[in-house]
Amino acid sequence: MAREQILSQEDRDWIKRMFAQLAEIGKTGHGYERVAYTPNDWQAKQLIRDAMEQAGLVVHMDAAGNLIGRLEGRRPELPAVVTGSHIDTVPSGGNFDGSVGVIGSLCAIRRILREGRPLRSMELWVFAGHESSRFGFAHLGSRSICGFTETEKWSKLVDRYGKTIPEVFRECGLDFSQLASCERDFSQLASFTELHIEQGPVLEQHHTPIGIVTDIAAPIRLSVQVKGMAAHSGTTSMDNRHDALAAAARMVLSVRERARSYAEEGIVGTVGYMQVKPNAMNIIPGEVEFWIDVRGRDFSRTSHVIDLVRADLLSIAREEKNNVSIDTISVAKPVHLNDHLIQLAARICEENHIPYLNMVGGGGHDTQEIARRMPAVVLHIPCRNGVSHAPDEFASLESIYYGVKALTALLACQTKAVSIDGLA
Ligand SMILES: [Zn+2]
């Protein structure tokens, strides 16, 4: 007997077609470029908006550029069940980060609608400005929906072309001064579920189609300035140097060692950015700036590792006869997702014979904002080699079908119920 298909041929064809159409937008020959608030991003949004309207959703764009689609239920007074993700990419990104959740959510709603109009209303949110690549901070759209706007601060930030957010908004036909109007009344909303590629290798390594995210890790980020003394590389003896790069190199390794010693607790530490001055072959480096990103699922452990790293940096600087100054760039708190939804998702997977595992999410999701306002959960699907934010980013159709199947079942059981355990 032939193996049962995960989704109907109609759904499979629809998903294939949507990804193929999206792939036509912003294709550069080196990945995809649909950076937030650019014409490519807007074109992708139009494609999604058209598909949402075809599915029967009433769609509007809020002041932040989020697409909000709503399907009125038979009992519209009940809090709505919400799903969604983002559609923007990093420069030279892939075709799956975010879009799996947007296209997947719409497919799930189409499948639920085929069984008749659901009891509860449903909403599909397509978040604007998810990636930090445009303005240096992430989740502009979801933070606006939550009422976590920093209008004063945001109005002064510029992109790489020197354009401010209000200017960019104006070009997109949006009014930055109306940003506060994006905040939703969360008493009218029951839950939020985001389907997303894992952006890590765990599911692929375990040959498991679904990851139920229990916690979203969050980074503490430091900016470090090391000051030594620039000098001639030929005439300065080895014991008479203040080599800022040699000191910084030891500091980078100490970040790695500290993170490694807490690896079992889920801590990861990275130095991914460094600038060396004067950066010349025959000059001993006089100044180095680098950034540290340490993250984990437990805020107190992450803070503890950061304290250890700070102490290491100070003692290395002393030994290396350099000065070091350390500034905190940002402190984000990990988010624990809703236990009722986590359990519900597990039950749904079991009932549908979909293997799953619980996991910590290492990447940033809009859900980490939403989860501060209402019950929320994230479902991960595998992506090839764990790669994302790169042209090699890839999720197989088979993986996406499994994700859509699990998402549909999870949303459907909530939309049928007048009351949901632990939820509004
Ligand atoms: Zn994403």
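Everything quoted here is computed from the prediction, not taken from an experiment. Both ligands and their constituent atoms are indexed starting at 1 by order of listing.
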Acceptor/donor pairs from residues 202-212 side chains to any protein atom, 3.5 angstrom cut, sequence neighbours excluded:
residue	atom	partner	partner atom	Å
Glu204	OE1	Asn385	N	2.9
Glu204	OE2	Asn385	N	3.1
His206	ND1	Val202	O	2.9
Thr208	OG1	His206	O	2.9

State whether a side-chain donor-acceptor pair under 3.5 Å links [X] with [Y].
X: Asp50; Y: Gln54; answer: no
X: Gln5; Y: Tyr401; answer: no
X: Asn66; Y: Arg184; answer: no
X: Asp88; Y: His130; answer: no

Contacts of the Zn ion (ligand 1) with protein N/O/S atoms, counting only those under 2.8 Å: His86 NE2, Asp97 OD1, His196 NE2
Gap between atom CD of Glu198 and atom CD1 of Ile381 - 0.5 Å precision: 10.0 Å
